[in-house]
Amino acid sequence: MQQGQEAEHRVRRHWLPRLLEVGGTVMLVALGVGAVAQAFLWQLPDDAPAATAPSQSQLPETADPLPAAADVFDEFGASVVGTTVTFPDAPVTDAAAAFDCTGWSVVLQGFHSRFVLVGACDDVTVAGTHVDAYIEGTAALTMEGPESAVAAGAIGTLTMLGAHTTVIADAVEVLAGDASFPHLVLNQVGDDQSDFTFGTAAVAAGLADDQYVDSFSPELLRFESMPLAADDVETRIVAADTTEHACDGERLVVRDRAPDAALLITGECDTVIVADREQIEIERASTVVVLEGSTLVELGDIQTLVVTEVGVGASAASIEALAVGGSMLALDADSIAAIVTTQSASDVTWRSGAPLSSLTAPEGATGFSGP
């Protein structure tokens, strides 16, 4: 009995403290290892793939800067003589040509070709057939080829020669030419020297009715001025494989066809120019210009929608101003505040905004349904 008590006493006196010492050391070591590991994780570099998401600068660009004019000329097989550049009848690529035309005289040939000209051109001649173009500004525009259409900001002298041509522009200083069946939507005209045959024009300001020559039949249409001026902002081109782009106040050009891929444009755009692409959704923009026919466009809140081509299909939440130069537009909108069209046949429905009685359209126009 006494020996057992002595053995228990030795265990408590010698071995138990030793076991506690060893166990505590093990625990401290374990805690230390955990702390080191945690500190290592906290101090991983920002670009470590296991601990951080890719930064914005690492993501692929969804839009590219406007290329140099010389590079565009090479890409599209254009010829240059002095300061005059001429695009060929059969361009080597089907994409839309987009460049800064400041200081250039530009001749646009081709068949069903599309162009986006930013800056201030010296002069532009649309010589091809079924050519569609956006022109920020030019001292002179001559529409020679038939069935072509232009959306523009400011034009010095506009000369209409080709049959069934369309121009939608903010301002024209001088209107001239002898085209048959031209279509015009102009915010302002300074002087009319034209001699058209069966022309249709909708104008807002500038000349009084009796100052226009007898070029328009059956009537000269009048409308309230709408925002058509081009803003001086950066122009970027949507990358070919992009399916989503976030706008940040720029002018955006959609120019590469991707028939099987829809494009979503978020953010706030100044202007979106649809020069190609079959399906596109635009959340918000000051101006949307559709140069490509057979395009499906889903719009959110848009200040001005300009349609120059045939067979465009669109839906919208709200449109402040709609200018139509292309026929067979199919549009369904919750709200449209103002509509002007030179076409008689469309399928446009809106549920609030401008009353149907305020529609600016040729006499006998059909296919418009509003409040």
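Small disclaimer: the values here were computed from a predicted structure and weren't measured.
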task: Decide, yes or no, whether a salt bridge links Arg236 with Glu61 under the criterion of side-chain N to carboxylate O below 4.0 Å.
output: yes

message: How about CG on Asp232, more than 12 heavy atoms from neighbouring residues, nucleotides or ligands closer than 6.0 Å, or not?
response: no

query: Side chain of Glu136, backbone of Gly119: donor and acceptor closer than 3.5 Å?
result: yes

field: Side-chain donor/acceptor of Asp100 to backbone N/O of Thr102, under 3.5 Å
entry: yes

Nearest atoms (heavy-atom pairs only) where Ala169 meets Gly153: CB-O, 3.8 Å

task: Check whether the ring centres of Tyr134 and Phe115 lie less than 6.0 Å apart, and answer yes or no.
output: no

- prompt: So, Thr166 and His183: side-chain donor and acceptor under 3.5 Å apart, yes or no?
  reply: no

query: After noting the C-alpha distance and the side-chain angles of Val203 and Asn187, does the key distance pass the side-chain contact (heavy atoms from CB on, under 4.5 Å) rule?
result: CA-CA 6 Å; Val203 296; Asn187 255 346; over 6 Å; no

- prompt: Taking only residues two or more places apart in sequence, or in another chain, which ones meet Phe368 in a ring-ring contact (aromatic ring centres under 6.0 Å, His included)?
  reply: none

task: Using a strict 4.0 Å threshold on nitrogen-to-oxygen distance, state whether Arg251 and Glu234 make a salt bridge.
output: no

- request: Can you see which heavy atom on Ser148 is nearest to which on Val131, and at what distance?
  value: OG-N, 3.0 Å

message: Keeping Arg114 on the side-chain end and Ala275 on the backbone end, is there a donor-acceptor pair under 3.5 Å?
response: yes

message: I'd like to know if Val106 and Ile237 are part of one continuous hydrophobic network [Ile/Leu/Val/Met/Phe/Trp/Tyr, side-chain heavy atoms within less than 4.5 Å].
response: no

- request: Classify the angle between the aromatic ring planes of His130 and Phe111 as parallel (below 30°), tilted (30 to 60°) or perpendicular (above 60°).
  value: perpendicular

Under 3.5 Å: donor-acceptor pair, side chain of Asp123, backbone of Leu141: no

Of all pairs that satisfy disulfide bond (SG atoms under 2.5 Å apart), the ones with a partner from residues 81-156, not counting sequence neighbours: Cys101-Cys121

message: Using 0.5 Å steps for rounding, measure from the CD atom of Glu281 to the CG atom of Leu263.
response: 9.5 Å

Verdict with supporting geometry, Val72 and Asp74, side-chain contact (heavy atoms from CB on, under 4.5 Å): CA-CA 5 Å; Val72 176; Asp74 289 342; over 6 Å; no

- prompt: Mind checking whether Asp191 and Leu175 have side chains closer than 4.5 Å, heavy atoms only?
  reply: no

field: Glu224 atom CD, neighbour heavy-atom count above 12 within 6.0 Å
entry: no

message: Enumerate the disulfide bond (SG atoms under 2.5 Å apart) contacts for residues 262-304, please, sequence neighbours excluded, ordered by first and then second residue.
response: Cys247-Cys269

task: List the atom of Gly177, the atom of Leu161, and the distance in Å for their closest heavy-atom pair.
output: CA-CD2, 4.2 Å

- request: Find the distance between OG1 (Thr366) and CD (Gln343) and round it off to the nearest 0.5 Å.
  value: 11.0 Å

query: Is Arg351 salt-bridged to Asp334, going by a charged N under 4.0 Å from an acidic O?
result: yes

task: Establish, from distance only, whether the side-chain atoms of Gln211 and Asp209 form a donor-acceptor pair under 3.5 Å.
output: no

message: Using only atom types and a distance under 3.5 Å, with no angle test, would you say the side chain of Thr304 pairs donor to acceptor with the backbone of Pro227?
response: yes

query: Say you draw a straight line from OG of Ser318 to CG of Asp301; how long is it, rounded to the nearest 0.5 Å?
result: 3.5 Å

task: Report yes if the distance between the aromatic ring centroids of Phe99 and Phe87 is under 6.0 Å, otherwise no.
output: yes

message: So Val189 and Tyr212, do their side chains get closer than 4.5 Å, heavy atoms only?
response: yes

message: Looking at Arg255 and Glu75, is any side-chain nitrogen of the basic one under 4.0 Å from a carboxylate oxygen of the acidic one?
response: yes

- prompt: Does Ala140 offer a backbone N or O that forms a donor-acceptor pair with the side chain of Thr138 under 3.5 Å?
  reply: yes

message: Within this structure, what is the NE2-CG distance for the pair His245 and Leu252, rounded to the nearest 0.5 Å?
response: 4.5 Å

field: CA sep, side-chain torsions, deciding dist, call: Leu108, Thr125, side-chain contact (heavy atoms from CB on, under 4.5 Å)
entry: CA-CA 6 Å; Leu108 306 179; Thr125 299; over 6 Å; no

task: Work out which heavy atom in Met160 is nearest to a heavy atom in Pro182; give both atom names and the distance.
output: CE-CB, 3.8 Å

query: How far does CD1 of Ile273 sit from OG1 of Thr235, to the nearest 0.5 angstrom?
result: 6.5 Å

message: Quick check: closest heavy atoms across Pro362 and Leu221, and the distance to 0.1 Å?
response: N-CD1, 3.8 Å

- prompt: Any idea which heavy atoms bring Met226 and Ala321 closest together, and the distance?
  reply: CB-CB, 3.7 Å

CG/Asp241: more than 12 non-hydrogen atoms of other groups inside 6.0 Å: no

Residue from Leu299, Val307, Val348, Val297 passing side chain to side chain contact (heavy atoms under 4.5 Å, CB included) with Leu331: Val348

query: So how far is it from Thr341 OG1 to Ile339 CD1, rounded to the nearest 0.5 Å?
result: 9.0 Å

message: Can a side-chain donor-acceptor contact be found between Asp332 and Thr349 if the only test is distance below 3.5 angstrom?
response: no

